[in-house]
Amino acid sequence: MKIIEPYYEILTPISDGGINELKFIEKVGRTCYKSENNITDDSAKKFVANLIANNHSAIIEHSFLSVKFVVDRGVSHEIVRHRLASYAQESTRYCNYVLDKFDNEITYIKPLFDENKSEDRWAYQLWKEQAKQAEKCYFELIKNGATPQEARAVLPNSLKTELVMTTNYTEWRHFFKLRTAKNAHPQMRQITIPLLKELQEKIPIIFDDIKIEE
Ligand SMILES: Cc1cc2nc3c(=O)[nH]c(=O)nc-3n(C[C@H](O)[C@H](O)[C@H](O)COP(=O)(O)OP(=O)(O)OC[C@H]3O[C@@H](n4cnc5c(N)ncnc54)[C@H](O)[C@@H]3O)c2cc1C
């Protein structure tokens, strides 16, 4: 079995400084006021900032962003509760982890228990034993004729999954407000906080007002 850290990858190409993305939203938004003649090389940032300040969120919906998350099944289940998005997820019905392309092993996402902390060590060991046992049972079931969709019943929430989420900036804003908050699951925050910080750098204005609770 393999144990990995969760991570994400931004799949949508973003222009230098996010300027093309902001200009597009400006072009859409100026339809409302027929103020296209006010478009200049540097008018987009201010225009989009005003849209956000005034909750004119429908205009920000004229956008899209795809992100691939590599997380555990527990976190992925929370992500797919966001209904205004499209998803593609690694299938435990069709992926057979016994095969070479999966290195003939089950991949797990490292749990919250810290193996290097003395107070956590017993919990980590318990988790690891269970993960090994689940892998053993999965392989045994497949060896004896079970299909992946049957054998998956023994796999735990820590199973690694890959999930692409595509939606517009308005929904991403909602997602970040909920999923970086203090009461979000710590393993959700492990990826949403760095993702939000990266997007705040790559596309100015759109996500700037979302404060990260430490
Ligand atoms: C800390 C936390 C704990 C949670 N605990 C639980 C739990 O114990 N059990 C559980 O089942 N879920 C739980 N959830 C999931 C939660 O109930 C939502 O399903 C999830 O956060 C998606 O949020 P949403 O519905 O606002 O967003 P989205 O589905 O992303 O929708 C965005 C917005 O669109 C609007 N919208 C979408 N669909 C509709 C609709 N059909 N009708 C009206 N408006 C709509 C709403 O304004 C909504 O806020 C939890 C979420 C969080 C963040």
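Atom set for the values below is all heavy atoms of this structure, side chains included, hydrogens, waters and symmetry mates excluded.
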Legend entry - Pair W172 and F175, ring centroids less than 6.0 Å apart: yes

Inset, instruction - Supply the atom-to-atom distance K160 NZ to L155 CG, rounded to the nearest 0.5 angstrom. - result: 12.0 Å

Legend entry - Co-members of Y7 in a cluster of I, L, V, M, F, W and Y side chains, linked at under 4.5 Å: I4, V70, I109

Inset, instruction - Would you mind listing the cluster partners of W122? Hydrophobic ones only (ILVMFWY), side-chain contacts under 4.5 Å, chaining allowed. - result: L126

Legend entry - Contact list for residues 53-75, test side-chain hydrogen bond (donor to acceptor under 3.5 Å, both in side chains), sequence neighbours left out: Y33-H56, S66-T166, K68-E162

Inset, instruction - Could you list the residues that satisfy side chain to side chain contact (heavy atoms under 4.5 Å, CB included) with R83, not counting sequence neighbours? - result: none

Under 3.5 Å donor-acceptor pairs involving side-chain atoms of residues 203-214, not counting sequence neighbours:
{"unit_1": "D208", "atom_1": "OD1", "unit_2": "I205", "atom_2": "N", "d": "3.4"}
{"unit_1": "D208", "atom_1": "OD2", "unit_2": "I205", "atom_2": "N", "d": "3.0"}
{"unit_1": "D209", "atom_1": "OD1", "unit_2": "R173", "atom_2": "NH1", "d": "2.7"}
{"unit_1": "D209", "atom_1": "OD2", "unit_2": "R173", "atom_2": "NH2", "d": "3.1"}
{"unit_1": "E213", "atom_1": "OE1", "unit_2": "K182", "atom_2": "N", "d": "2.7"}

Legend entry - Qualifying residues under side chain to side chain contact (heavy atoms under 4.5 Å, CB included), relative to V98, sequence neighbours excluded: N96, Y138, F139, I142

Inset, instruction - Give a yes-or-no answer on whether the side chains of Y169 and E21 include a donor-acceptor pair shorter than 3.5 Å. - result: no

Inset, instruction - Please identify each residue that fulfils salt bridge (charged side-chain N to carboxylate O under 4.0 Å, His left out) with R30, with sequence neighbours left out. - result: E26

Legend entry - Results of side chain to side chain contact (heavy atoms under 4.5 Å, CB included) for E119 - residues two or more places apart only: K117

Legend entry - Partner residues of H185 under the side chain to side chain contact (heavy atoms under 4.5 Å, CB included) criterion, sequence neighbours left out: E78, L112, Q187, M188

Inset, instruction - Keeping the roles fixed (side chain from S35, backbone from N38), state whether a donor-acceptor pair exists under 3.5 Å. - result: no

Legend entry - Residues in side chain to side chain donor-acceptor pair (under 3.5 Å) contact with T180, at least two apart in sequence or another chain: none

Legend entry - Nonpolar side-chain network containing I39, other nodes, edges under 4.5 Å: none

Inset, instruction - Sorted by first residue and then second, give each salt bridge (Lys or Arg N to Asp or Glu O under 4.0 Å) pair with at least one member in residues 125-139; sequence neighbours left out. - result: none

